[in-house]
Every structure is written in structure tokens, then in C-alpha cells.
Amino acid sequence: MNQTIGIPALIGGKANWRGLAGPTLIVLILAMMILPLPPFLLDVLFTFNIAMAVMVLLVSLYAMKPLDFAVFPTVLLVTTLLRLSLNVASTRVVLLEGHTGPDAAGKVIEAFGHFVVGGNYAVGIVVFVILVVINFVVITKGAGRIAEVSARFTLDAMPGKQMAIDADLNAGLIGEDEARKRRAIIAQEADFYGAMDGASKFVRGDAVAGIVIMLISIGGGFAVGVLQHDLDIAAAARNYTLLTIGDGLVAQIPALVISTAAGIVVSRVATDEDVGQQMIGQLFNKPQVLMLTAGILGVMGVIPGMPHVAFLLLALVLGAGAYMLASRIATAEPAAASSVTTPAPEAQEASWDDVTPVDTLGLEVGYRLIPLVDKNQDGDLLRRIKGIRKKFAREVGFLVPAVHIRDNLGLRPNAYRVTLKGVEIGRGEAYVGMYLAINPGRVTGALQGTATQDPAFGLPAVWIEPALREQAQAFGYTVVDASVVVATHVDHLINSHSAELLGRQELQQLLDRINRDSPKLLEDVVPKLLPFSTVQKVMQNLLAEGVYIRDLSSIMEALAEHAPRTQDADELTAAVRVVLGRAIIQQIYPTGTELQVIALDYELERVLTQALQTSASHAAGIEPGLAETLIKEAQASVQRQEQQGFPPVLLVPPQLRLVLSRFLRRSIPQLKVISHSEISHAGTIKVTSILGGKT
């Protein structure tokens with residue numbers, strides 16, 4: 001049976017004409033340089049070139065940010081190539097048919113040669129040169145310089161922007177998809193400005209080529225007209241010069257329009273408004289400016305010898321505009337004031353309603369930080385804290401209580417504090433409208449601002465003005481606003497005190513969830529084998545050491561297995577940690593198969609084992625001098641691990657893990673202590689430092 005296979009099927013089963021448009025256009029442009037074109041087709045192509053230039057200009061005016069027109073560098077190259085191809089095609093026609101009259105190369109070139117410059121080739125040459133100079137020296141050179149500087153600063157700022165994205169991702173403010181999208185946008189910005197820097201060189205070359213083509217066409221046309229077609233010198237000069245000038249103008253005017261579009265794209269600051277809205281909103285939104293301008297024009301208009309009508313008419317228009325704008329602002333201010341004015345509440349007698357329970361988690365802010373939590377003032381701190389609670393629930397395994405936010409006039413205006421069950425667990429300061437530039441340890445310059453420390457992790461930082469944000473990112477700082485500072489601090493404190501946040505109510509909700517899926521498992525453990533309080537203590541032990549409790553089924557199965565042997569919460573915690581070994585290792589080493597750990601010297605291990613035989617659950621058996629030395633060496637090893645980019649992990653025998661973990665946690669909270677039994681399924685182990693021995 002015969003089957004006919006069409007072109008769409010050969011392409012891929014569907015007629016992808018949009019995909020063929022680009023290659024087809026490039027092939028046609030290149031063909032114009034070789035194949036002769038009739039005058040009518042030249043008129044159509046020159047008109048298409050003008051339409052394309054106008055479309056590019058309008059798209060650049062309505063683009064909100066440069067990446068909205070990311071294809072612009074390619075468009076710049078294609079339109080430049082199109083103009084050059086048309087120059088070649090029209091020059092061929094001018095030299096071949098120029099002796100026949102001014103319309104030899106089509107009506108468009110004739111119109112530009114006669115209507116635009118009045119049929120005077122001397123005027124045409126001057127106008128053409130002026131357009132080329134404006135395009136080459138002013139617009140294209142300026143746009144290329146802006147693109148070059150923007151590309152350099154965008155590349156310099158990439159590390160800081162990447163770290164800011166990572167900070168938002170770690171704080172739970174954005175998801176993995178949003179982080180990936182933002183990273184792609186940053187890379188696209190650098191690629192865009194780099195491409196614009198290179199594409200501007202094509203436009204500058206096009207301007208130079210236009211001058212050279214004009215000179216060659218005039219000289220060649222004069223020689224062809226006089227020597228081949230026996231025209232007199234004046235007629236040959238007039239015909240070929242007007243045709244060449246018309247050809248040059250019909251190419252250079254679209255080139256000027258596209259160069260203007262390039263300057264608009266690279267010079268604007270990205271906002272939610274297009275260029276027209278920005279200009280109207282920022283140039284004509286202050287009545288004082290309009291009134292002063294109207295006054296100056298009015299004074300100039302009454303000076304003898306000045307054009308009174310033009311100056312006084314424009315002064316009258318600006319004055320009327322200033323009056324209308326001032327009236328509109330004066331009307332809006334009382335309405336806004338009346339909308340926020342509320343009557344003072346009457347004093348009431350005290351009642352039991354005035355006795356409020358203590359909030360589990362609280363955030364108190366000074367009065368200058370109220371805009372961060374006020375939705376009417378675009379405050380986004382509430383949204384960020386909601387994101388923190390969702391991220392904590394997904395990662396750790398239970399939902400922390402809601403954070404109750406209130407203002408506190410007893411605090412400094414820019415201060416805030418975080419409370420746990422009414423007790424302060426952290427405080428800091430933030431400045432609305434400013435940015436905190438955090439030094440991650442490898443910045444390349446200093447910033448002007450108020451020196452401070454990152455409240456969450458204690459890193460050196462500087463509060464800077466918004467104008468210095470790009471410079472700080474270029475220097476390698478991690479730049480965040482005030483709401484991110486507070487949210488990150490709250491996130492850090494919640495993770496640090498997760499064990500205290502797991503109350504009986506939270507644990508009961510956890511058990512209710514597992515009861516829906518595995519009721520028999522829960523019935524066998526609570527309360528048949530273990531009391532509720534012991535299970536809660538095991539969970540709190542895990543959280544205190546930074547172990548997630550998402551895998552509740554494995555935890556309950558481990559408790560069911562070991563509860564008949566012991567009821568001690570510490571021993572049960574050690575058994576659960578062995579079961580969760582893989583999850584613990586993956587939590588510490590999320591991507592690597594090699595475990596870089598700190599180990600104990602054999603002699604030190606033996607001494608500690610003997611010293612703790614009389615006090616297996618406490619560090620009281622460690623001799624004070626040995627304890628001090630152990631802490632100092634552990635701090636030095638942790639510092640070396642962090643400098644090398646390795647997680648600070650101490651690998652010890654199972655019988656020493658609990659004691660050393662509790663002993664070292666007070667001085668080195670970031671140090672994780674794991675036992676050999678917890679890494680039985682891990683990958684390669686590499687000892688990078690030894691406590692009590694040589695590194």
C-alpha cells in the first residue's frame with residue numbers, strides 16, 4: 001500500500017513553521033546579496049525593514065525589564081544583516097539602472113532622495129552624514145558602553161545574588177523550583193548584557209559600512225554614467241548621488257531607530273512599569289517642578305526679542321498642570337488621613353479576659369519595624385514566617401506553634417526579640433528600607449554603613465543604603481533586606497530550640513497521624529511498652545542533637561524492639577539513632593559519598609573510656625585539665641573542617657557518643673557527634689583530623 005509522506009511529516013510530524021521562520025529569513029537575506037532584485041521587490045523589502053525597526057522600538061518601550069526582550073541581541077544582528085543585504089542589492093540596481101532616472105531603484109529610494117532632502121544631493125549628503133554620526137558616535141557608542149558596564153557588574157554581582165537565593169531557600173521563603181528559576185534569570189541577565197555588548201559592535205560596523213558604501217556608490221555610479229552611458233557630468237552626478245543618498249537614508253533611518261531601541265533596553269531600570277509610565281510618573285508627578293519650570297519659561301517669554309507666543313503658551317500649560325496636580329494631591333491627603341483615624345476606645349473594667357496565656361513562640365518588634373508586619377504597608381514578614389513553619393514541618397517532621405507577633409514600645413525603635421514561652425531566646429536590630437550586607441568570608445572590598453553582626457549566625461555585616469546594594473553584591477556580600485534578616489533569625493532560633501517546641505500536644509498530633517496508618521504499631525508501644533513521657537523524651541533527645549523525626553514509623557519500630565529490654569530514654573535514643581543512621585548521615589552529608597570526619601586518638605579514647613566508667617551518662621568523670629584540652633582541640637579541629645568546606649563531625653565509639661555529645665554541645669553547638677554503629681551503611685570514611693594526636 002502506497003503512502004505519501006509530506007514535508008510536515010519529514011520535519012517531525014507537525015508543521016513547525018515558526019521554527020522554520022528564522023532559518024528561512026537568514027537564507028533569504030544572504031540570497032539578496034547574490035541574486036538581482038527588481039525595483040518593486042526592493043520597495044517591499046525596504047518597507048519591511050522600516051516596519052521591523054518600528055516594531056523593535058515599540059517592543060523595547062513596552063518591555064518591563066531587559067529580559068522581557070531577551071532576543072534583542074539576535075534581532076539586532078539580523079536587522080543589521082538585512083540592511084547590509086538591502087544596501088548591496090540596491091547598489092547593484094543603482095549602478096545598473098541609475099542612468100534611466102531617479103526611480104531606477106524603486107519608489108522608496110526615490111521618495112527618500114526627493115521628499116526627505118528636497119532633491120538636493122548636497123543637503124542629502126549632509127543629512128546622511130549627520131544621521132551616521134548621531135548613530136555611530138552618540139547612540140550606539142553609549143548603548144555599547146552601558147551594556148559593557150552592566151555585563152561586568154552583573155558578573156561581579158552573581159556570587160552575592162546566588163548566596164541570597166540560597167539564603168531564601170534555606171530559610172524556607174522559596175521552593176527549589178523558584179530558586180532554580182531565579183538562578184536561571186541571573187545567568188540570563190549576564191548572557192543578555194554580554195550579548196548586547198557584542199551586538200553593538202555590529203551596529204557600529206554598519207554605520208562605517210554605510211559611509212563606505214555611499215562613497216563607493218557615488219564614485220562608481222559617476223564612472224558608470226559618464227563612461228558607459230555617455231551622460232554628461234552634471235546629470236551623472238545628480239542621478240547617482242540622489243539615488244545613493246536615498247538608498248543610504250532609507251537604510252540609516254531604521255538603523256537609528258533600532259540603535260535607539262538598544263539604548264532604551266540597556267539603560268532603563270527594571271520596574272513594574274514600561275518606559276512611558278516611568279517617564280510620566282517620575283517627570284510630571286511634582287507640582288513644584290512644573291510650577292518653577294512654568295515661571296522660568298514665563299520670565300523668558302516676556303524678554304524683548306524672544307518668541308513670546310511659544311514661551312508664554314508653554315508656561316501657561318505647565319502652570320495649569322501644576323495647579324491641577326497640586327489640587328489632586330491636596331484632596332487625596334485628607335481622605336487618607338481620615339481613613340486611618342480611628343476613635344480611641346473607652347476604658348473598661350479589668351476582667352478575666354485580660355489574663356492571656358503565655359505564647360509558645362512570640363516575636364516582639366519596635367515601632368519602626370511595624371511596617372514589616374503590616375500588610376497595608378506591603379510588609380511580607382508574616383508570609384516569610386509562614387514559609388519557615390512549612391519548611392520546618394516538611395524537614396523536621398512536626399509543626400511548630402504559630403508565631404504571635406506584637407509591637408513592644410519598651411524595645412528600641414529598630415529592635416526585635418524572639419520569645420519562647422515568655423522567655424527571650426534571641427534579639428536583634430533591623431532597619432526598614434535598608435539592606436544588611438553579610439560578609440561570608442571572601443569579600444573584595446569595604447562598604448560604607450553601620451557595622452554590625454548578622455543576628456542569626458554572628459557573621460560580620462554592614463547595614464547599607466539601597467543605592468549600595470549592587471556594589472555590595474559585586475564585592476561578594478550576601479545582601480538581604482530587613483524582613484529576611486528577622487525571618488532568618490527566627491528560623492535559626494526555631495531550629496535551635498526544636499526540642500523545647502515538641503510539647504505533649506505536638507507529640508500527640510504526631511502519634512494520631514501514625515495511628516491512622518499503623519494503629520497496631522502505636523498500640524504496641526504506647527502505652528503498652530512505654531509511657532507517653534518516655535516517648536516524648538526520646539523525641540526531644542533526637543531533636544536536641546539535630547536529628548529529624550520525619551520517619552516516625554522507623555522510630556516507633558525501634559522503640560517497640562528495644563522497649564522490653566530498657567525503659568531508659570537515653571539508651572532508647574541511642575537505639576533509635578542506629579536505626580536512623582542512614583538518614584542522619586544523609587542529613588549531614590547530603591551529596592557526598594565520602595565522609596570527612598574528626599576522630600579520637602586511640603590513647604585519648606582509652607583514657608576517656610576509663611574516666612567515664614564511673615559516670616556513664618555525664619561528663620563529671622573527665623578530669624578538668626583533660627576536659628579543657630579536649631574542648632580546645634575540638635574547637636581547632638572544627639575550625640579546620642569549616643575552612644576546608646567539610647561538615648564538623650566527630651566520630652566516636654558508641655559508649656562515648658552520648659557523653660561527648662552533651663559535653664561538647666555547650667561549647668561547640670555546630671559539632672555533630674556520631675558513633676561507629678550509626679555509619680555501618682555509609683560510604684568511604686576519611687579522617688581529616690584527630691583529637692589528641694597529629695592532624
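What you are looking at is a predicted structure, and each value in this text was computed from that prediction instead of being measured.
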K.L.:
Can you list the residues that meet the side chain to side chain contact (heavy atoms under 4.5 Å, CB included) rule with L312, with sequence neighbours excluded?
P.N.:
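Only V302, H308 meet the side chain to side chain contact (heavy atoms under 4.5 Å, CB included) criterion with L312.
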
K.L.:
Taking all atoms of both residues into account, what is the closest heavy-atom pair of I464 and A472, and its distance?
P.N.:
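Taking I464 first and A472 second, the nearest heavy atoms are CD1-CB, 3.8 Å.
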
K.L.:
Any heavy-atom pair between the side chains of L372 and V432 that's under 4.5 Å?
P.N.:
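Yes, their side chains come closer than 4.5 Å.
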
K.L.:
So E470 and Q473, do their side chains get closer than 4.5 Å, heavy atoms only?
P.N.:
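They are in contact (side-chain heavy atoms under 4.5 Å apart), so the answer is yes.
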
K.L.:
Look up atom CG in L76 and atom CG in L81, then write down how far apart they are to the nearest 0.5 Å.
P.N.:
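The distance works out to 11.5 Å.
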
K.L.:
Please identify each residue that fulfils ring-ring contact (aromatic ring centres under 6.0 Å, His included) with Y431, with sequence neighbours left out.
P.N.:
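For Y431, the residues satisfying ring-ring contact (aromatic ring centres under 6.0 Å, His included) (neighbours in sequence not counted) are W463.
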
K.L.:
Rounded to the nearest 0.5 Å, what's the gap from CG on L45 to CG on N49? Could you check?
P.N.:
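These two atoms lie 9.0 Å from each other.
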
K.L.:
Is a donor on one side and an acceptor on the other found under 3.5 Å between the side chain of T488 and the backbone of V485?
P.N.:
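No, the answer is negative, given that no donor and acceptor are paired below the 3.5 Å cut-off.
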
K.L.:
For Y435 and R469, which heavy atoms make the closest approach, and how far apart are they?
P.N.:
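In terms of heavy atoms, the two residues are closest at OH-NH1, 3.3 Å.
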
K.L.:
Once side chain to side chain contact (heavy atoms under 4.5 Å, CB included) is applied, do any residues pair with F48, and if so which ones, sequence neighbours excluded?
P.N.:
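Listed in chain order: M52, L82.
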
K.L.:
Working to the nearest 0.5 angstrom, can you tell me the gap between L447 CG and Y477 OH?
P.N.:
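One finds 4.5 Å between CG of L447 and OH of Y477.
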
K.L.:
Can you list the residues that meet the salt bridge (Lys or Arg N to Asp or Glu O under 4.0 Å) rule with E178, with sequence neighbours excluded?
P.N.:
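Partners of E178 by the salt bridge (Lys or Arg N to Asp or Glu O under 4.0 Å) criterion, ordered by chain and then number, come out as R182.
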
K.L.:
Identify the two heavy atoms, one from G298 and one from A315, that lie closest to each other, and give their separation to 0.1 Å.
P.N.:
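Closest approach of G298 to A315: N-CB, 3.7 Å.
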
K.L.:
Please enumerate all residues that pass side chain to side chain contact (heavy atoms under 4.5 Å, CB included) together with A294, with sequence neighbours excluded.
P.N.:
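By the side chain to side chain contact (heavy atoms under 4.5 Å, CB included) rule, A294 matches L318.
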
K.L.:
Taking only residues two or more places apart in sequence, or in another chain, which ones meet S483 in a side chain to side chain donor-acceptor pair (under 3.5 Å)?
P.N.:
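So S483 forms a side chain to side chain donor-acceptor pair (under 3.5 Å) with D380, R384, D481.
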
K.L.:
Got a second to check how far I258's CD1 is from T79's OG1, nearest 0.5 Å?
P.N.:
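Here the interatomic distance stands at 3.5 Å.
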
K.L.:
Kindly compute the distance separating CD (Q288) from CG (L290), expressed to the nearest 0.5 Å.
P.N.:
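Going from CD on Q288 over to CG on L290, the span is 9.0 Å.
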
K.L.:
Using every non-hydrogen atom in the two residues, find where A53 and V257 come nearest and quote the distance to one decimal.
P.N.:
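Scanning both residues completely, I find the closest heavy atoms to be O-CG1, 3.4 Å.
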
K.L.:
Taking all heavy atoms of L42 and all of A89, pick out the closest pair and write down the distance.
P.N.:
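Heavy atoms only, the tightest pair is CD2-CB, 4.0 Å.
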
K.L.:
The criterion is side chain to side chain contact (heavy atoms under 4.5 Å, CB included); which residues satisfy it with R180, sequence neighbours excluded?
P.N.:
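Residues passing side chain to side chain contact (heavy atoms under 4.5 Å, CB included) with R180: E176, D177.
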
K.L.:
Atom CD in Q188, atom NZ in K181: separation rounded to 0.5 Å?
P.N.:
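It is 10.0 Å, given to the nearest 0.5 Å.
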
